[in-house]
2 protein chains.
Amino acid sequence: MRVLIVEDDALHRSYLNEAVRSALPECDDVMESEDGRLGEIEARKSRAEFVVMDLQMRERNGIEAARTIWRERPDTKILFWSNYSDEAYVRGVSRIVPEGATYGYVLKSTSEERLKLALRSVFLESQCVIDREVRGIQQKGMGSAHGLTDGEYEILVDVALGLTDKTIANRKKLSLRTVQNRLQQLYEKLDIYKETGDDESRYNLRTRAVAVALMRRLLNASAVERAERELQNDWTSQEFQGP
Amino acid sequence: MRVLIVEDDALHRSYLNEAVRSALPECDDVMESEDGRLGEIEARKSRAEFVVMDLQMRERNGIEAARTIWRERPDTKILFWSNYSDEAYVRGVSRIVPEGATYGYVLKSTSEERLKLALRSVFLESQCVIDREVRGIQQKGMGSAHGLTDGEYEILVDVALGLTDKTIANRKKLSLRTVQNRLQQLYEKLDIYKETGDDESRYNLRTRAVAVALMRRLLNASAVERAERELQNDWTSQEFQGP
DNA sequence: GCTTGTCTTGCGGGAACCCGCAGATCTTAG
DNA sequence: CTAAGATCTGCGGGTTCCCGCAAGACAAGC
């Protein structure tokens, strides 16, 4: 049994190493990689079945790395280990997990006990373990507080990328007016209107929406970069023109 | 001699504690705070002259905390200790440092030797120490690659907040056309035009500018939040109504 | 069937945005 | 003082955005 740790902070890396050795005495070998890119290579070379993965790394973030690892070996068990419970990350993870794969999601602020428990549960018993703080975000469809539909979230990302309404309509195969409608209902969910109501001063609604999405941690730079890469793919592989 | 450590990650906190005790044997007491808010209180209560401050914390980020600490005791020596060399953070720090104050800025990835050296240099010899990677950003005015004027950066922040051109004009006491001019030169610096040139597909320029600023780490959520708070101050203290 | 509700699409217009052009102001160098 | 250069400002227009209104599509329920 061999475990691969992918984490770019040296302290956290050694902490994880120690925790893994302590929680899993049956573990023969613990490998380490310093960023997502190297993690992919190491996982491919060593054929590790168990991975502890940091999100938010320099060279290549944990979501990208996990996706390629799962693409090559879908039975790999991955425990995600993240700083915050940003909605963008949680969504990103749940978007790439393949059918039936086992994974976990724990915050760096959890106690060592919980971490070790999660290691044993995910790696040995193939249970999915998700921290309570994260769980709150994962179940979508709550009381409009910060529960965006998948469709609305998609629109939000496209807007945050700086796309035009018309461009979004082409990409999503929708009418122009429909895109604008979804934007409006996005504005309502984000309380954009309430703010402009206070003063006569007006916001530019679409950029304001991006701003509050940032502040509410619905978006972050990594999510935008991911979407940007997907966009460039669509952009070059197929030309978008006409009805 | 007493040192206050403000850092919300437990591992980094203990690492810093050890480093401080090792680098500064003449240090009597090492205090710790878990976020910016508590750090302010502890600094006020203990009258610590030396602070090691993390940026990017939950409750109140390091820049805010440092500002209030410096406002109460401008002779406090602060060593900033950050994950990345994000332009937004560097700008934020250099914006709040008072006249003649001594401070340092080192990355978490630097070696323990460099960290200890920085601790001694800043705290004992009152030297300003700034990591090489950070230095690159600090000197502004380079070959248009990512060198934004202060004025351009201000505009960028206001746009990222979601403000209207007219609103920005009022806030900055400028003409509407001037704001739009600055926006145009911002677009050029960010290469917004080059991108739209590839395809007929159009971007919404202002949100696109925010997107690339995010991806180039010129902006981040903390910077937006900071600006938002300033905005709300102006908003309520004085009413903005054009002639 | 009829109604109710949600989602999509079109039309139209007022407002905001993007920008070329040209005159006015201010700085800097010779 | 003058000339050159950068910045600010107003005007006019083409485009996009924001949104109220209304008609069609589809599903669920009495």
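Residue numbering restarts at 1 for every chain, and letters A, B, ... go by the order of the sequence lines.
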S.K.: Whole-Å distance between dT9(D) C1' and Leu174(B) CG?
M.R.: 11 Å
S.K.: Quiz question: going by heavy-atom distance under 3.5 Å, is there a donor-acceptor pair between the base of dC17(D) and the side chain of Gln180(A)?
M.R.: no
S.K.: For Glu230(A), what residues pass the side chain to side chain contact (heavy atoms under 4.5 Å, CB included) criterion, not counting sequence neighbours?
M.R.: Arg67(A)
S.K.: Rounding to a whole Å, what distance do you find between Leu183(B):CG and dC8(D):C1'?
M.R.: 15 Å
S.K.: Applying salt bridge (Lys or Arg N to Asp or Glu O under 4.0 Å), which residue pairs with at least one partner in residues 95-106 of chain A are found, sequence neighbours left out?
M.R.: Arg95(A)-Glu154(A)
S.K.: So which nucleotide from dC17(C), dT9(D), dT8(C) ends up closest to the side chain of Arg182(A)?
M.R.: dT8(C)
S.K.: Does the base of dC18(C) carry an N or O that pairs as donor and acceptor with the side chain of Gln184(B) under 3.5 Å?
M.R.: no
S.K.: Using modelled atom types only, decide if a donor and an acceptor are shared between the side chain of Thr102(B) and the backbone of Gln127(B) within a distance under 3.5 Å.
M.R.: no
S.K.: Using side chain to side chain contact (heavy atoms under 4.5 Å, CB included) as the criterion, point out the one residue from Val129(A), Ile130(A), Val122(A), Ile78(A) that pairs with Tyr105(A).
M.R.: Ile130(A)
S.K.: Calculate, to the nearest 0.5 Å, the distance between atoms OG and OH belonging to Ser126(A) and Tyr103(A) respectively.
M.R.: 14.0 Å
S.K.: For Leu115(B), enumerate each residue passing the side chain to side chain contact (heavy atoms under 4.5 Å, CB included) test, keeping only those at least two apart in sequence or located in another chain.
M.R.: Tyr15(B), Leu16(B), Ala19(B), Leu79(B), Trp81(B), Val106(B), Leu119(B)
S.K.: Would you tell me if any nitrogen or oxygen in the side chain of Ser175(A) comes within less than 4.0 Å of OP1 or OP2 on dT8(C)?
M.R.: no
S.K.: Quick one: on DNA chain C, does Gln185(A) or Leu176(B) contact a more 5' nucleotide (nearest heavy atom)?
M.R.: Gln185(A)
S.K.: What is the distance from NZ of Lys173(B) to P of dT9(D), rounded to the nearest Å?
M.R.: 13 Å
S.K.: So how far off straight is the helix from dG1(C)-dC30(D) to dG30(C)-dC1(D), going by the axes through five pairs at either end, to 10°?
M.R.: 30°
S.K.: Rounded to whole angstrom units, what separation is found between the CD1 atom of Ile168(B) and the P atom of dC17(C)?
M.R.: 8 Å
S.K.: How long is the line joining CG of Leu205(A) and P of dG20(D), in whole Å?
M.R.: 11 Å
S.K.: Salt-bridge test for Asp86(B) and Arg91(B): reply yes if a basic N is under 4.0 Å from a carboxylate O, no otherwise.
M.R.: no
S.K.: To the nearest Å, give me how far apart CZ (Arg206(B)) and C1' (dC18(D)) are.
M.R.: 14 Å
S.K.: Excluding sequence neighbours, so at least two apart, what forms side-chain hydrogen bond (donor to acceptor under 3.5 Å, both in side chains) with Glu64(B)?
M.R.: Arg229(B)
S.K.: Does dT15(D) have OP1 or OP2 sitting under 4.0 Å from an N or O in the side chain of Tyr203(B)?
M.R.: no
S.K.: Mind checking the CG-CG spacing from Leu174(A) to Leu176(A)? Nearest 0.5 Å is all I need.
M.R.: 10.0 Å
S.K.: Rounding to a whole Å, what distance do you find between Leu163(B):CG and dA16(C):P?
M.R.: 14 Å
S.K.: Which atom pairs link the protein and nucleotides 21-25 of chain D when you take only N or O atoms and keep those under 3.5 Å?
M.R.:
none

